[in-house]
Amino acid sequence: MLIAGNWKMYKGAEEAAAFCRELRDQLEWVDGVDVAVCPPFLALSAAVQALAGTDIAVAAQNVHWENEGAFTGEVSAPMLFELGVYGAIVGHSERRQLFGETDENVGKRAAAGLEAGLSIIACVGETEAEREAGQTEDVLRRQLSVLEQHDQLVIAYEPVWAIGTGKTATPDQAQEAHRFIRSLIDVPILYGGSVKPDNAGELLSQPDVDGALVGGASLEVDSFASICKAAAQ
Ligand code: PGA
């Protein structure tokens, strides 16, 4: 079971360090769940330092496919490694929708990150219009087609209509999509989209749900820690 907190564009270095110190205290006696936080690039180093000596991992929110070069605004896997970062999210729907990322470049980011030794959380998920048009499986198949099985790869199923909307997929909807994804690729599958302390237990008890990628509810230590504790049970 993996619980990852996607902080998006929240928390600078100072706030990240304070959050991580508090998180390590709250999770000190919690076993049976892998936990990761995904701060903005500029707060990664502070998070790595604050969590040194714990099992809580730090991952980035994106990674470029080249090691270096003329790619303004991008960050590479070796740069992340140098900081002690263990992995990266790729293909988040906000990257796809707001920053023009395509299946093709998501596949390149994932492959290069894995090649460099990072763990990769690759996000997939349909929009509301796609779900209503009965295209969920086609969209997932297309988004997954650029990803190859790897023991450091994790998929996050994040239906776009459930992200930041408070509209969580029902446990049955999540389970159905996860089972479909598992029929195409055999790696751990996280659910993401309005996961909160009060719905985490039920979502995480579905047979094909292997953890959660948490956005809004990962920004407060108490709510994130209580989701981690729910996963540990
Ligand atoms: P949310 O975001 O939990 O705020 O819906 C999830 C995500 O975007 O990863």
Side-chain angles (χ1 to χ4, degrees), residues 1-11 15-16 19 23 33-41 43-44 47 56-63 85-101 106 109-110 113 119-128 130-131 136 139-140 143-144 147 153-171 173-174 177-178 181 187-204 206 209-231:
M1 195 64 79
L2 168 65
I3 304 296
N6 173 15
W7 294 1
K8 310 193 180 191
M9 200 173 72
Y10 292 97
K11 300 189 196 296
E15 204 183 328
F19 179 103
L23 185 66
V33 57
D34 294 322
V35 176
V37 293
C38 309
F41 287 124
L44 287 169
I56 304 172
V58 178
Q61 296 173 17
N62 207 352
V63 61
V85 168
Y86 101 109
I89 297 171
V90 299
H92 190 277
S93 63
E94 286 149 18
R95 299 298 320 168
R96 295 176 190 262
Q97 294 201 313
L98 305 174
F99 301 99
E101 293 203 12
V106 170
R109 290 176 192 274
S119 290
I120 292 292
I121 300 174
C123 303
V124 298
E126 79 288 0
T127 62
E128 187 151 42
E130 288 164 342
R131 175 164 279 263
T136 300
V139 170
L140 295 176
Q143 292 174 334
L144 289 165
L147 300 168
L153 176 66
V154 171
I155 302 293
Y157 169 61
E158 297 206 310
V160 178
W161 47 272
I163 294 179
T165 57
K167 240 185 180 178
T168 322
T170 64
Q173 284 172 325
H178 282 226
I181 293 168
V187 300
I189 307 164
L190 313 182
Y191 169 77
S194 298
V195 176
K196 310 283 176 216
D198 60 2
N199 62 21
E202 208 185 348
L203 286 161
L204 294 169
Q206 299 303 307
V209 175
D210 304 311
L213 182 56
V214 186
S218 75
L219 294 172
E220 299 291 337
V221 185
D222 290 348
S223 70
F224 187 58
S226 76
I227 293 170
C228 297
K229 288 173 190 164

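Counting starts at 1 for both ligands and their atoms, in listed order.
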Checklist line | Heavy atom of the protein closest to atom 3 (O) of ligand 1 (residue, atom name, distance) | finding: Gly215 N, 2.9 Å
Checklist line | Where Ser194 and Ala162 come nearest, the two heavy atoms and their spacing | finding: OG-O, 2.7 Å
Notebook entry, point to check: Within a strict 4.5 Å, meaning less than it, do heavy atoms of the Val90 and Asn62 side chains meet?
Noted result: yes
Margin query: At less than 4.0 angstrom from any non-hydrogen atom of Leu213, what atoms of ligand 1 do you find?
Written below: 9 (O)
Check: For ligand 1, which atoms, with element, lie under 4.0 Å from some heavy atom of Ser194?
Finding: 1 (P), 3 (O), 5 (O)
Note to self: Out of all atoms in ligand 1, which are within 4.0 Å of some heavy atom of Gly216? Include the element for each.
What the structure shows: 1 (P), 3 (O), 4 (O)
Checklist line | Non-hydrogen atoms of Gly215 and Lys8 that approach each other most closely | finding: CA-CE, 4.3 Å
Check: Would you say the side-chain atoms of Arg96 pair up with the backbone N or O of Cys123, donor to acceptor, closer than 3.5 Å?
Finding: yes
Next item on the list: Return the set of residues passing side-chain hydrogen bond (donor to acceptor under 3.5 Å, both in side chains) with Glu126 (not counting sequence neighbours), or none when no residue passes.
Entry: Arg131, Tyr157, Trp161
Notebook entry, point to check: Are Val187 and Leu147 side-chain neighbours, meaning at least one heavy-atom pair lies under 4.5 Å?
Noted result: no
Next item on the list: With heavy atoms of Gly193 as the reference, note each atom of ligand 1 found under 4.0 Å away.
Entry: 5 (O)
Check: Is it the side chain (CB and beyond), the backbone, both or neither of Asn6 that lies under 4.0 Å from ligand 1, heavy atoms counted?
Finding: side chain
Note to self: Below a 4.0 angstrom heavy-atom separation, can you tell me which part of Ala162, side chain or backbone, both or neither, approaches ligand 1?
What the structure shows: backbone
Margin query: Against Ile155, only a single residue in Leu190, Asp210, Ile181, Leu140 fulfils side chain to side chain contact (heavy atoms under 4.5 Å, CB included); can you say which?
Written below: Ile181
Notebook entry, point to check: Can you check whether Pro188 reaches Leu2 side chain to side chain, under 4.5 Å on heavy atoms?
Noted result: no
Next item on the list: Could you tell me which atoms of ligand 1, counted from 1 in the order shown, lie closer than 4.0 angstrom to a heavy atom of Lys8?
Entry: 2 (O), 7 (C), 8 (O)
Check: Can a non-hydrogen atom of His92 be found less than 4.0 Å from any atom of ligand 1?
Finding: yes
Checklist line | ligand 1 atoms in contact with Gly164 (distance to a heavy atom under 4.0 Å) | finding: 1 (P), 4 (O), 5 (O)
Next item on the list: Do me a favour and list the nearest non-hydrogen protein atom to atom 9 (O) of ligand 1 with residue, atom name and distance?
Entry: Glu158 OE2, 2.7 Å
